[in-house]
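First comes the structure, then the notes that go with it.
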Protein chains: 2
Amino acid sequence: MSASKRDDLVQKSLQAFYRGGFHAIGMDKLAKETGVSKTAMYKHFRSKEELILATLRLRDEQFRNWLMRRVEALAEAPRDQLLAIFDALAEWFEEPGFKSCMFIKASSEYQDRSHPIHAIAAEHKRLLLDYFRMLAEKAGAQSPKALAQQLLLIKEGAIVLAHLHGPKDVAREARAAAAALIDRGLADID
Amino acid sequence: MSASKRDDLVQKSLQAFYRGGFHAIGMDKLAKETGVSKTAMYKHFRSKEELILATLRLRDEQFRNWLMRRVEALAEAPRDQLLAIFDALAEWFEEPGFKSCMFIKASSEYQDRSHPIHAIAAEHKRLLLDYFRMLAEKAGAQSPKALAQQLLLIKEGAIVLAHLHGPKDVAREARAAAAALIDRGLADID
DNA sequence: GAATACGTTTACCGATCGGTAAACATGTAG
DNA sequence: CTACATGTTTACCGATCGGTAAACGTATTC
């Protein structure tokens with residue numbers, strides 16, 4: 001029960017931090033929301049920072065898993081999968097609880113690149129970049145790295161603007177921009 | 001002296017919040033950093049939130065002014081000015097103190113769209129969108145609104161990734177993506 | 001049943017949070 | 001010089017911050 005209780009704590013902390021922010025959610029509030037006593041929390045994690053790191057590791061796994069599964073479900077050909085990224089994003093933006101990206105928010109609250117929380121956020125984006133590049137390679141892009149980076153730019157921008165302005169036009173224009181860049185990145189001659 | 005002292009407080013608060021984050025910088029620390037006593041601060045602003053709003057209003061003005069002047073200095077033709085946005089961004093990313101966008105960070109810490117701080121951040125991006133659209137119109141884009149939105153997506157993504165991964169490749173790929181979308185958005189036939 | 005071990009709750013720590021009241025300068029008008 | 005207004009400092013408020021020690025309950029082992 002101990003291992004699952006720890007997982008339960010991390011899962012519930014993840015939701016609380018996602019909804020409320022890292023600095024804004026204190027350990028007392030977290031104990032109340034998760035139903036785990038403060039002392040119990042400090043038995044599993046030595047500090048708030050380590051708990052946050054654990055929630056971010058879980059979120060990284062959850063999100064990338066969700067995205068890959070969704071992309072595979074929406075399209076088969078690598079080229080179409082690159083575009084399907086933005087269909088998946090559109091679905092995410094429409095979810096009721098959508099509140100931007102956990103890692104963008106983490107890097108906003110822990111701004112120093114040397115901070116472990118910032119570093120894990122950067123790593124998450126790096127892994128997404130790797131995923132995009134793999135798809136771009138399979139699709140036969142002239143420069144998979146450049147295309148992946150460009151698509152990641154659009155994805156991050158879309159998240160930020162969907163959070164600020166609502167999902168309305170954002171997902172559509174992100175998809176349109178991505179389609180144009182994919183077309184261009186896969187053309188035989190440019 | 002009163003008016004300039006207030007401006008001075010806002011200016012110094014802006015720097016402190018930009019470097020440290022909104023929740024992380026308390027009013028005591030702010031008093032110490034700005035050299036203005038806490039009571040004096042509360043004479044000018046009824047609450048921390050109002051002070052934050054004032055810093056964001058100043059930042060909005062500063063940033064949009066800087067961007068427009070820089071774009072005008074870098075290019076003359078509207079089409080080139082659209083691209084020059086990303087040259088200006090590249091310069092910004094290379095500045096020593098660059099730590100993402102104040103408004104992205106504000107919306108990360110005050111996530112509810114109904115919150116005044118979130119709202120002012122959304123408004124800032126809306127004003128940038130208007131500026132981009134005006135340039136796109138002057139450049140003769142087929143759909144100025146769509147092109148402006150796409151360029152804004154890239155800009156926001158670039159800021160996020162420059163903050164997370166450093167300025168290295170980000171500005172270059174942002175510019176390349178923008179160039180492609182501008183080409184496409186200004187073509188007579190598509 | 002006594003002793004040991006382990007996880008939970010309760011109560012508490014000093015520091016800091018946002019915010020305020022009262023004491024204290026300082027300048028100006030009569 | 002007095003009287004009043006203005007602005008600043010000092011000291012303080014209850015609440016909450018991240019984190020901890022000790023009391024307590026419960027199960028296992030001998």
Side-chain angles (χ1 to χ4, degrees), chain A residues 1-57 105-106 108-112 114-118 120, chain B residues 1-57 105-106 108-112 114-118 120:
Chain A
M1 177 81 77
S2 181
S4 86
K5 198 131 204 212
R6 189 192 136 114
D7 292 348
D8 195 53
L9 169 61
V10 175
Q11 175 67 44
K12 285 180 178 167
S13 300
L14 170 55
Q15 291 175 269
F17 283 134
Y18 183 70
R19 284 207 320 263
F22 299 99
H23 281 97
I25 300 289
M27 293 301 270
D28 292 86
K29 199 170 293 177
L30 208 54
K32 207 173 292 173
E33 283 201 30
T34 60
V36 179
S37 71
K38 230 167 79 157
T39 315
M41 294 174 54
Y42 277 96
K43 255 211 41 163
H44 292 298
F45 299 97
R46 269 182 288 179
S47 65
K48 184 184 186 184
E49 182 179 315
E50 290 212 5
L51 174 56
I52 291 175
L53 288 172
T55 68
L56 291 178
R57 276 187 282 266
K105 295 191 288 188
S108 292
E109 296 204 44
Y110 303 91
Q111 308 187 58
D112 196 340
S114 68
H115 194 293
I117 292 178
H118 191 107
I120 209 172
Chain B
M1 175 84 77
S2 181
S4 86
K5 198 128 203 213
R6 188 192 137 114
D7 292 349
D8 195 52
L9 168 61
V10 175
Q11 175 67 45
K12 284 180 178 166
S13 300
L14 170 56
Q15 291 176 269
F17 283 133
Y18 183 71
R19 284 206 320 262
F22 299 99
H23 282 98
I25 300 289
M27 293 300 271
D28 292 86
K29 199 170 292 177
L30 209 53
K32 206 172 294 175
E33 283 201 31
T34 61
V36 179
S37 71
K38 230 165 78 158
T39 315
M41 295 173 54
Y42 277 96
K43 256 211 41 163
H44 291 298
F45 300 96
R46 268 182 290 181
S47 65
K48 184 185 185 183
E49 182 179 314
E50 291 211 6
L51 173 56
I52 292 175
L53 288 173
T55 67
L56 291 178
R57 276 188 281 268
K105 294 191 286 189
S108 292
E109 295 204 46
Y110 303 91
Q111 308 188 57
D112 197 340
S114 67
H115 194 292
I117 292 177
H118 190 106
I120 209 173

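Note that these values count all heavy atoms, side chains included, but never hydrogens, waters or copies made by symmetry. All chains are named by letter (A, B, ...) in the order of the sequence lines, taking the proteins before the strands, and each is independently numbered beginning at 1. Everything quoted here is computed from the prediction, not taken from an experiment.
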Taking only residues two or more places apart in sequence or in another chain, which ones pass salt bridge (Lys or Arg N to Asp or Glu O under 4.0 Å) with B:E49?
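For B:E49, no residue satisfies salt bridge (Lys or Arg N to Asp or Glu O under 4.0 Å) once neighbours in sequence are set aside.
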
Checking A:R19 now: which residues fulfil salt bridge (Lys or Arg N to Asp or Glu O under 4.0 Å) with it, not counting sequence neighbours?
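By the salt bridge (Lys or Arg N to Asp or Glu O under 4.0 Å) rule, A:R19 matches A:E33.
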
Return the set of residues passing side-chain hydrogen bond (donor to acceptor under 3.5 Å, both in side chains) with [X] (not counting sequence neighbours), or none when no residue passes.
X: B:S13; answer: none
X: B:K43; answer: none
X: B:T55; answer: none
X: A:Q15; answer: none

For residues B:I120 and B:L53, report the shortest heavy-atom separation together with the two atoms involved.
CD1-O, 3.9 Å

To the nearest 10 degrees, the angle between the two end axes of the helix from C:dG1-D:dC30 to C:dG30-D:dC1 (five pairs per end) comes to 20°

Could you go through residues 21-30 of chain B and list every donor-acceptor pair under 3.5 Å that involves a side-chain atom there, pairing it with any protein atom two or more places apart or in another chain?
{"unit_1": "B:H23", "atom_1": "ND1", "unit_2": "B:E109", "atom_2": "OE1", "d": "2.6"}
{"unit_1": "B:D28", "atom_1": "OD1", "unit_2": "B:K38", "atom_2": "NZ", "d": "3.2"}
{"unit_1": "B:D28", "atom_1": "OD2", "unit_2": "B:K38", "atom_2": "NZ", "d": "3.4"}

Return the value, rounded to whole Å, for the distance between atom NZ of B:K43 and atom P of D:dT9.
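Interatomic distance, NZ of B:K43 to P of D:dT9: 12 Å.
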
B:K32 NZ to C:dA15 C1': how many Å, rounded?
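It is 12 Å, rounded to the nearest whole Å.
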
Under 4.0 Å protein heavy-atom contacts per nucleotide of nucleotides 17-22 of chain C, with B for base, S for backbone only and - for none
SBBBB-

Tell me whether the OP1 or OP2 atom of C:dT8 has a side-chain N or O from A:S37 closer than 4.0 Å.
no

